[in-house]
Trainee: 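Here you go, one structure.
All values reported here derive from a predicted model rather than from experimental measurement. To find a chain, count down the sequence lines: A is the first, B the second, and so on, and within it residues start at 1. The figures here come from the full heavy-atom set of this structure, side chains too, leaving out hydrogens, waters and symmetry mates.
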Amino acid sequence: MGEQETYQIRLEVFEGPLDLLLHLIERAEIDIYNIPIVEITDQFLAYLENMQFFSLQEAADFLLMAATLMQIKARMLLPRPVVEDTELEGEEENDPRQELVERLLEYKRVKAIAAELQSKEAESLKLFPRAGGYFADQETAATSDPIGEVTLWDLVQAFSTLLESLVPRLELEGMPREEFSIQEKMESILACLAKQSQISFHALFTGQTSRPAIVATFLALLELIRMRKVGVRQDRVFGEIVIQRWEA
Amino acid sequence: MNLRFATAVIEALIFASSEPVKSKEMATILELTEETVKELIRGLQQEYQENGRGIQIIEVAEGYQFLTNPECAPYVEKLKKVPRQPSLSQAALETLAIIAYKQPITRAEIEMLRGVRVDSSLSTLLERGLIQEAGRKDGPGRPILYVTTTDFLKYFGLNTLDDLPMVDDWSNNQQLAINLTAD
Amino acid sequence: MNLRFATAVIEALIFASSEPVKSKEMATILELTEETVKELIRGLQQEYQENGRGIQIIEVAEGYQFLTNPECAPYVEKLKKVPRQPSLSQAALETLAIIAYKQPITRAEIEMLRGVRVDSSLSTLLERGLIQEAGRKDGPGRPILYVTTTDFLKYFGLNTLDDLPMVDDWSNNQQLAINLTAD
């Protein structure tokens, strides 16, 4: 991937994994009903590597899609079971890409509508209403009711509910946050591998309760694989994935 | 009542209200038929249009409202005392598009369609009064359902939800007919 | 600039402004002399007067503004009696509650407490005359401070702000809230 390409990626903002996928498909001028899944998966992962995420949640959304793509890729590569009886079940019904295609088509519509709404918005923002606050007729303004059905009780209720919700939020935002640095997770994986020659993929995540922790661990693993510090082995299809030290 | 005066009253009513005024409401106040009121409004609209005025009467959210002429927008924008709203982000527009066409809809359903979490665009849309909660869906967790508001129609200059742009057959068909062809 | 169009722009400016507009401000926007603007306004006023319209342009101390024709007042009154204003939204209510208890307060502080942008609920509350600006806070950016109005007291049937009910644990939580704001 050249300099220019990397630069371009930085400029682009995707609204989510479906948006990125659509972009890749449209850029490659690929038939959406017949996605070359191997190629697209590789491109998706290449983008992912260069993307800067605003939050772990955002990263998790993209990682989930990456996992889905890899799963489809795996299913496409597997030999298809021979259908013995010639029932009406068509082949495309078994196409592992079908659900993804449906989601992409739906998302494409969402984008089209959003674009229509955006142009309506632009049109409508050019029409200014009479700014409120200054009543045309000062006398009638006094009789108007700015609060509607709301009572003092509702106001107090709103405030105390807000205060209640503040306490847990403070614990979340104000207290020292549990840090899930990828660096630390990398170190702890390596430390584990120093003690034992291999760990199962499953064991890596046991005891990790929060979503950010799991994502950080997964990212750490990917980084270690990229750095060739660890290797991943799977002895048989659907078998346990094993992580071990990289032996040159 | 003198129709000339009735027209003036209609003009005053539409002007004085901060919300679009329904013709039915004006008919009640004026003790005229809704048909007559609508006809007088049409005359008024034409008058404003023909004379190249700075304001016009527009039918929005099933009511009538004065709005400035779009050609004047570049000047109005320069005015200090005009409340301005920032336009919606791409994320908020996509979330709103889904709610508009599939309402009532839960957060999880929106997230399925967009492929990302939508908490922050939902709270933006709620805050701006473009959507609102509308009860809960039956089923596990009884999730909150979201629908668009009258302000949504006003914001996009739509008269009813039927004025939403048609996109393929999505607006008609809640269930998408996917035509998966074999290649 | 074509004077006919300039007149239309003036009409739009006076209409869209939340406060009376000065002829000088309009002259700057239109790049015309104040004299010309005043003359065009006179023409516009005359047009509205001669045709027995429901609205008119009036010069007040601070500038020009539209007002409904007094003859239409009895009908406009009827419109106002209909409970048209939708009740305050939950979002606006929460924002109002924060301002009521923590005034004077800046927008950023309210947003910190509510966890979302509050532009639109602030403008709703300003529009309904329940809150007002009250100077600026010292410090970076000198942000605008908001307080509740006497109308606020009136609508909630309070004599003074001291009549606001005490909220449990208020002092405790206030401390927390301040910490949050300081972050």
Side-chain angles (χ1 to χ4, degrees), chain A residues 13-22 31 33-34 55 57-58 60-62 64-65 68 90-93 95 97-99 101-137 140-141 144, chain B residues 12 15-18 55-56 58 60 65-74 76-77 79 81-85 87-98 100-101 110-117 119 154-158 163-168 170-171 176 178-183:
Chain A
V13 180
F14 295 102
E15 289 304 328
L18 287 170
D19 199 19
L20 169 56
L21 211 51
L22 255 190
D31 180 2
Y33 294 102
N34 193 15
S55 65
Q57 178 56 52
E58 202 192 18
D61 289 331
F62 279 88
L64 179 66
M65 178 58 79
T68 309
E91 271 227 341
E92 57 273 12
E93 209 177 308
D95 194 323
R97 295 171 299 181
Q98 175 167 345
E99 197 202 321
V101 170
E102 282 175 24
R103 287 188 67 193
L104 280 170
L105 286 175
E106 284 266 57
Y107 183 67
K108 226 178 140 168
R109 284 181 173 82
V110 170
K111 277 193 73 160
I113 296 163
E116 290 262 11
L117 285 180
Q118 191 163 38
S119 72
K120 287 241 170 231
E121 179 191 42
E123 250 171 65
S124 169
L125 285 176
K126 281 188 197 155
L127 310 180
F128 291 85
R130 183 170 73 85
Y134 228 88
F135 258 85
D137 193 325
T140 52
S144 81
Chain B
F15 177 83
S17 170
S18 51
I55 53 177
Q56 53 182 336
I58 303 275
V60 153
Q65 183 183 10
F66 269 108
L67 289 171
T68 59
N69 184 323
E71 286 170 45
C72 299
V76 177
E77 276 162 13
L79 206 58
K81 296 285 179 182
V82 162
R84 266 183 214 83
Q85 297 197 72
S87 52
L88 292 170
S89 69
Q90 194 59 37
L93 280 168
E94 286 183 11
T95 302
L96 191 55
I98 293 169
Y101 282 84
I110 303 167
E111 288 179 346
M112 188 63 201
L113 278 164
R114 283 201 52 216
V116 288
R117 292 280 291 263
D119 312 58
K154 276 166 66 187
Y155 185 73
F156 289 98
L158 303 167
D163 293 343
L164 279 172
M166 297 278 274
V167 177
D168 292 350
W170 209 34
S171 46
L176 241 191
I178 301 280
N179 200 7
L180 256 184
T181 50
D183 291 280

Trainee: What residue in Gly157(B), Ala92(B), Pro70(B) has the most heavy-atom pairs under 4.5 Å with chain A?
Mentor: Pro70(B)
Trainee: Between Phe156(B) and Lys120(A), what is the shortest heavy-atom contact and its length?
Mentor: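 Closest approach of Phe156(B) to Lys120(A), heavy atoms only: O-CD, 3.8 Å.
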Trainee: Donor-acceptor pair, Arg114(B) side chain versus Asp19(A) backbone, under 3.5 Å?
Mentor: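 The answer is no, because no donor-acceptor pair under 3.5 Å joins these two groups.
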Trainee: So what's closer than 4.5 Å to chain A heavy atoms on Glu94(B): side chain, backbone, both or neither?
Mentor: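 Contact with chain A involves both backbone and side-chain atoms of Glu94(B).
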Trainee: Looking at CG of Leu88(B) and CD of Glu121(A), how far apart are the two atoms once the value is rounded to the nearest 0.5 Å?
Mentor: 4.5 Å
Trainee: What is the minimum heavy-atom distance between Leu67(B) and Leu127(A), and which atoms define it?
Mentor: CD1-CD1, 3.8 Å
Trainee: Is the shortest side-chain heavy-atom distance between Leu18(A) and Leu113(B) below 4.5 Å?
Mentor: no
Trainee: So which of Ile55(B), Thr95(B), Thr68(B) has the largest heavy-atom pair count under 4.5 angstrom toward chain A?
Mentor: Thr68(B)
Trainee: Measure distances from Glu71(B) to the heavy atoms of chain A and classify the residue's part below 4.5 Å as side chain, backbone, both or neither.
Mentor: neither
Trainee: Given a strict heavy-atom distance threshold of 4.5 Å, which part of Tyr155(B) is in contact with chain A: side chain, backbone, both, or neither?
Mentor: both
Trainee: If we ignore hydrogens and angles and just use 3.5 Å, is the side chain of Arg130(A) paired with the main-chain N or O of Gln65(B) as donor and acceptor?
Mentor: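 Such a contact is absent between Arg130(A) side chain and Gln65(B) backbone.
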Trainee: Looking at every heavy atom in both Ile113(A) and Tyr101(B), which two are closest together, and how far apart are they?
Mentor: CG2-CE1, 3.0 Å
Trainee: On a heavy-atom basis, which atom in Leu125(A) and which in Ser87(B) lie closest, and how many Å separate them?
Mentor: CD1-CB, 3.9 Å
Trainee: Quick one: does any side-chain atom of Gln90(B) pair with a main-chain N or O of Glu15(A) as donor and acceptor, under 3.5 Å?
Mentor: no
